[in-house]
Amino acid sequence: SMTGYNFVKYAGYAKFHHRSLTRQLRSIQAFSFLCFILLLVSLLKQSHRFILYAGALGLFTLLYAVPFLPNHKNLRHIKILKIIIIAAVWALATAGLPLVDTLNFNSDALLRILNYFVFVLALIIPFEIRDLKFDAPNLGTLPQLIGVTKTKKVGYLLLALYLLISFQLQLETFALTVNFIMALLTGIAIKYASKDQHFYYAAFWVESLPIIWLLLHLIGQRIA
């Protein structure tokens, strides 16, 4: 996660400014390299099936940032595909990777993967709205194609679907309550997202929502 995220976020910048990298960016590069070494070490303890599955997700992450299409384009430049890839990689990594060695991909597992996918799609929307003033006009993001207001409505519908799937999963009461809280917090984040939002709105507050999700689950485990 660390290596892939930092590669996607900083690879382009480092390529064009490699001689004038700030101390902070060099520190990020060093940290990412350390994470990559730990990744290689951890792979030695995994099955071939797991490595192939994780490698496929890594390949999508690589092609998201590295130009391989005509006119120096990558997967990020294909309309709408950007958020689909992000959500799919997140969902398959968090809900799919733990099941690879057991091959226990039953209907509940597939439904959980879909649930994570839908949630991440909704979670991305505040970032898509924020990036309106940075993205190239021809990038074809959802807010560019249908506008901010309709994009927010799509986000609300995704959260409604997320809760519906949560009910279908027949989760325990506390887990279902956590999912409801996360849907509510994400809905609030979408509602107040704007093109001119404060820098830390998405970069800190929205980014912290998965951490809040984790903390709530840890609280639930302590209570149980």
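Everything quoted here is computed from the prediction, not taken from an experiment.
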Acceptor/donor pairs from residues 109-130 side chains to any protein atom, 3.5 angstrom cut, sequence neighbours excluded:
residue: N115; atom: ND2; partner: S166; partner atom: OG; Å: 3.2
residue: E128; atom: OE2; partner: K82; partner atom: NZ; Å: 2.9

Determine all donor-acceptor pairs shorter than 3.5 Å in which one atom belongs to a side chain in residues 169-177; sequence neighbours excluded.
residue: T177; atom: OG1; partner: T173; partner atom: O; Å: 2.8

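H217 is linked by a side-chain hydrogen bond (donor to acceptor under 3.5 Å, both in side chains) to W213, counting only residues two or more places apart in sequence or in another chain. Here K152 pairs with nothing under the side-chain hydrogen bond (donor to acceptor under 3.5 Å, both in side chains) rule; sequence neighbours left out. Applying the side chain to side chain contact (heavy atoms under 4.5 Å, CB included) test to L63 and every residue at least two apart in sequence or in another chain returns L59, F68, L75. Checked against side chain to side chain contact (heavy atoms under 4.5 Å, CB included), L163 has the following partners two or more places apart in sequence or in another chain: F180, A183.
Between the CG atom of L142 and the OG1 atom of T151 there is a distance of 4.0 Å, given to the nearest 0.5 Å. Atoms CG and CZ, on N179 and F167 in that order, are 9.5 Å from each other to the nearest 0.5 Å. Note that CG of L97 is 4.5 Å distant from CZ of F50, once rounded to the nearest 0.5 Å. Considering CG of L209 and CG of L214, their distance stands at 12.5 Å, rounded to 0.5 Å. Distance check: L157 CG to L164 CG gives 12.0 Å after rounding to the nearest 0.5 Å.
Within the hydrophobic cluster formed by Ile, Leu, Val, Met, Phe, Trp and Tyr side chains joined at under 4.5 Å, directly or through other members, F31 is accompanied by M2. Hydrophobic clustering, defined by side-chain heavy atoms of Ile, Leu, Val, Met, Phe, Trp and Tyr closer than 4.5 Å, groups I51 together with F36, L39, L40, L43.
Linking ILVMFWY residues whenever their side-chain heavy atoms come closer than 4.5 Å, directly or via other members, leaves F33 and L62 in distinct clusters. By the rule that hydrophobic residues join a cluster once side-chain heavy atoms approach within less than 4.5 Å of another member, I165 and I181 end up as members of one cluster. With hydrophobic clusters built from ILVMFWY side chains whose heavy atoms lie under 4.5 angstrom apart, L145 shares a cluster with I86. At a threshold of 4.5 Å between side-chain heavy atoms, the hydrophobic network of Ile, Leu, Val, Met, Phe, Trp and Tyr places L184 and V206 in one connected group. In this structure, L215 is not a member of the same hydrophobic cluster as I188, with clusters built from ILVMFWY side-chain heavy atoms closer than 4.5 Å.
A side chain to side chain donor-acceptor pair (under 3.5 Å) check over residues 183-210, counting only residues at least two apart or in different chains, returns the pairs Y5-E207. Annotation: side chain to side chain donor-acceptor pair (under 3.5 Å) contacts involving residues 38-56, sequence neighbours excluded, comprise S47-D101.
Side-chain contact between V89 and T61 is present, with heavy atoms from C-beta onward closer than 4.5 Å.
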List the steps, then state whether side-chain contact (heavy atoms from CB on, under 4.5 Å) holds for L216 with M182. CA-CA 10 Å; L216 289 173; M182 291 309 303; 4.2 Å; yes
